[in-house]
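For reference, the structure is listed below as structure tokens.
We use all heavy atoms of the structure for the numbers below, so side chains are in, but hydrogens, waters and symmetry mates are not. Naming convention: chains lettered A, B, ... in sequence-line order (proteins, then strands); numbering from 1 in each chain. None of the values given here were measured: they were computed from a predicted structure.
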Number of protein chains: 2
Amino acid sequence: MPPNKVKSAEPALTPRRQHKADAKAAAHPHAKPRPLTRIQREKQDLILEAALDVFSMHGFRGSTIDQIAEVAGMSKPNLLYYFPRKEEIHRRLMSALLDTWLAPLKEMDADGDPFPEIRSYIRRKLEMARDYPRESRLFANEMLQGAPRIIEMLEVDLKNLVDEKAKILLGWMDQGKLAHTDPYHLIFSIWATTQHYADFDVQVRAVLGKDRGGEGRFEDAARYLEQLFLFGLTPRPKG
Amino acid sequence: MPPNKVKSAEPALTPRRQHKADAKAAAHPHAKPRPLTRIQREKQDLILEAALDVFSMHGFRGSTIDQIAEVAGMSKPNLLYYFPRKEEIHRRLMSALLDTWLAPLKEMDADGDPFPEIRSYIRRKLEMARDYPRESRLFANEMLQGAPRIIEMLEVDLKNLVDEKAKILLGWMDQGKLAHTDPYHLIFSIWATTQHYADFDVQVRAVLGKDRGGEGRFEDAARYLEQLFLFGLTPRPKG
DNA sequence: CTAACATTTTTCCAACTGGTCAAAATTTGG
DNA sequence: CCAAATTTTGACCAGTTGGAAAAATGTTAG
């Protein structure tokens, strides 16, 4: 068997002249960064919005600037005026993403009771899968590629946050308020089951069919997951 | 807001001459397809193996023939001798994938008891995530892109299979052997929680850290999931 | 050994890619 | 209104990409 290493095939980066803005900043390192104009804000948002569409479907390498520009309704050079490189757009999306992505977990409160806390965590994550499926897919795409652009953030910020919340969960377990089990895998299972409805949406719809594949599927999912995490699948006497 | 449709940016396909093999087949439509030579079988396997590496990381559009050829240890034209187009390689991978992918669910037996059946279904899926992570990612990549190449198979074969197994689950529920809940979402949750360990492997490792991120994570996951699906997170008196 | 066939390499190409640049068009502050 | 600054466009470029053609090199059955 030959070596199976996948080489990163990004375009070999040739030395390149600076972008106008960069050059200006370099000339006056202490100049106040001129506040963004209205047009700059609007267009940047337009581009990021379009890029989210494209990157979340095809991943970084599968997406082209042309395509993003077309979705954003502008020409490629015009887009490049606002974001001098493709990577820049992606970076902006990813850093905005990580913040919003971890927010629901941050809210889990040690002073609350485990079941209401876990229940509303699941609800929030499920709402995010419903309302921000592109963000979820962008994240998933990055994971599938080995998270090259955010691995340190995962190893530091994410790990710290999860460590902290795992301690809370362990505390609840010690108090007998929660079944004694692995808090890390518990968190993983919440991520997995909720994000599934964004990332594998096509499959979910295909399997549920026309009749059950409508918007109701998120409510069904919420009900099911609530039961799963509370009681599992063991039948209980009615009450 | 401009139209947000993402146009498929596959290379515009220009009319192209036939590949040798195609031409031959067209010339003698009833000729027996000559059995593959040893070299053909070996090389095709090599290529498919390499393509699995590349496609599973970068998706269809993010992968290049050059890259696949390099991983397979051959030149691009040589690779194209065996698979005249990029799509062909991907198609072969996908159709092989779907079979193996659904096999574990097919094994779920109506005559068995629900918990042993579900338990071993989870085990099998988890083993697949551990032993065939590239296949899992290839599948996930296709889903993220909206499953353009397998959507009909999902809507027919997969849906039928799940419908059938959902009936089995409902039967168990009616017999009081299984908590009454949504069988479709039950299956989704098994898919999600098990495939997570292949698709989000980087994240799982990053969060578990060096000490707990080793091979043991699959055994931990199995134990955790077993408890989750059996009893949920409600604490139980020891027994 | 040799003809017929299978495989590999070399060379090539048109379309696409990320990105540059100068000029033209537009907006904005005074 | 006007000059300065900002924004947009069109033409362009070098490297990459999927793929074709043909020549060169193996392999194998008789």
> For A:Lys159, which residues count as a salt bridge (charged side-chain N to carboxylate O under 4.0 Å, His left out) partner, sequence neighbours excluded?
Replying inline: A:Asp163
> Nearest nucleotide by nearest heavy atom, which residue falls closer to the 5' end of DNA chain C, A:Ile65 or B:Asn78?
Replying inline: B:Asn78
> Considering only D:dT9, C:dT8, D:dG18, which nucleotide approaches the side chain of A:Pro77 most closely?
Replying inline: D:dT9
> Can a side chain N or O of B:Tyr81 be found less than 4.0 Å away from OP1 or OP2 on C:dT9?
Replying inline: no
> Rounded to the Å, how far apart are B:Met74 CE and C:dT9 P?
Replying inline: 9 Å
> Are any of the side-chain nitrogens in A:Arg91 or A:Glu88 under 4.0 Å away from the carboxylate oxygens of its partner?
Replying inline: yes
> B:Ser75 side chain N/O closer than 4.0 Å to the phosphate oxygens (OP1, OP2) of C:dT9?
Replying inline: yes
>> Between C1' on C:dG19 and CD on A:Glu87, what's the gap in Å once rounded to a whole number?
In response: 14 Å
> Rounded to whole angstrom units, what separation is found between the CD atom of B:Gln67 and the P atom of D:dG19?
Replying inline: 15 Å
> Between C:dG18, D:dT17, D:dT8, which one does the side chain of B:Thr64 approach most closely?
Replying inline: D:dT17
> Closest to the A:Asp66 side chain: C:dG19, C:dT17, D:dT9?
Replying inline: C:dT17
> Taking only N and O in the side chain of B:Arg85, is any of them less than 4.0 Å away from OP1 or OP2 of D:dA20?
Replying inline: yes
>> Taking salt bridge (charged side-chain N to carboxylate O under 4.0 Å, His left out) as the definition, give me every residue that meets it alongside B:Lys76, ordered by chain and number, with sequence neighbours left out.
In response: B:Asp66
>> With a 4.0 Å limit, can you tell me whether A:Gln40 has a side-chain N or O closer than that to the phosphate oxygens OP1/OP2 of D:dT7?
In response: yes
> Given atom CG of B:Leu79 and atom C1' of D:dT17, what is their separation to the nearest angstrom?
Replying inline: 14 Å
> What is the distance from CD of B:Glu70 to C1' of D:dT16, rounded to the nearest Å?
Replying inline: 14 Å
> How close or far is atom C1' of D:dT16 from atom CZ of B:Arg61, stated in whole angstroms?
Replying inline: 15 Å
> Does the pair A:His90 and A:Phe83 meet the rule for a ring-ring contact (aromatic ring centres under 6.0 Å, His included), with working shown?
Replying inline: CA-CA 10 Å; A:His90 194 264; A:Phe83 291 90; over 10 Å; no
Collect all protein-nucleotide pairs involving nucleotides 28-30 of chain C in which both atoms are nitrogen or oxygen and the distance is under 3.5 Å.
residue : atom : partner : partner atom : Å
C:dT28  : OP1  : A:Arg38 : NH2          : 3.2

>> Without decimals, in angstroms, what is the distance between A:Leu80 CG and D:dT7 P?
In response: 15 Å
> Are A:Glu49 and A:Arg134 within salt-bridge range, i.e. N to O under 4.0 Å?
Replying inline: yes
>> Distance to the ring centre below 6.0 angstrom and angle to the axis at most 45 degrees; does that hold for A:Arg130 and A:Tyr197?
In response: no
> In whole angstroms, how far is the P atom of C:dC16 from the NZ atom of B:Lys86?
Replying inline: 14 Å
> If you check every side-chain atom of A:Tyr82, which of C:dT8, D:dT8, D:dG19 has the closest atom?
Replying inline: D:dT8
> Contact class for B:Lys43 vs. all strands (heavy atom < 4.0 Å): base, sugar-phosphate, or nothing?
Replying inline: sugar-phosphate
> Do NZ/NE/NH1/NH2 and the carboxylate oxygens of B:Arg41 and B:Asp45 come within less than 4.0 Å?
Replying inline: no
> Between B:Arg212 and A:Asp182, is there a side-chain N and carboxylate O pair less than 4.0 Å apart?
Replying inline: yes
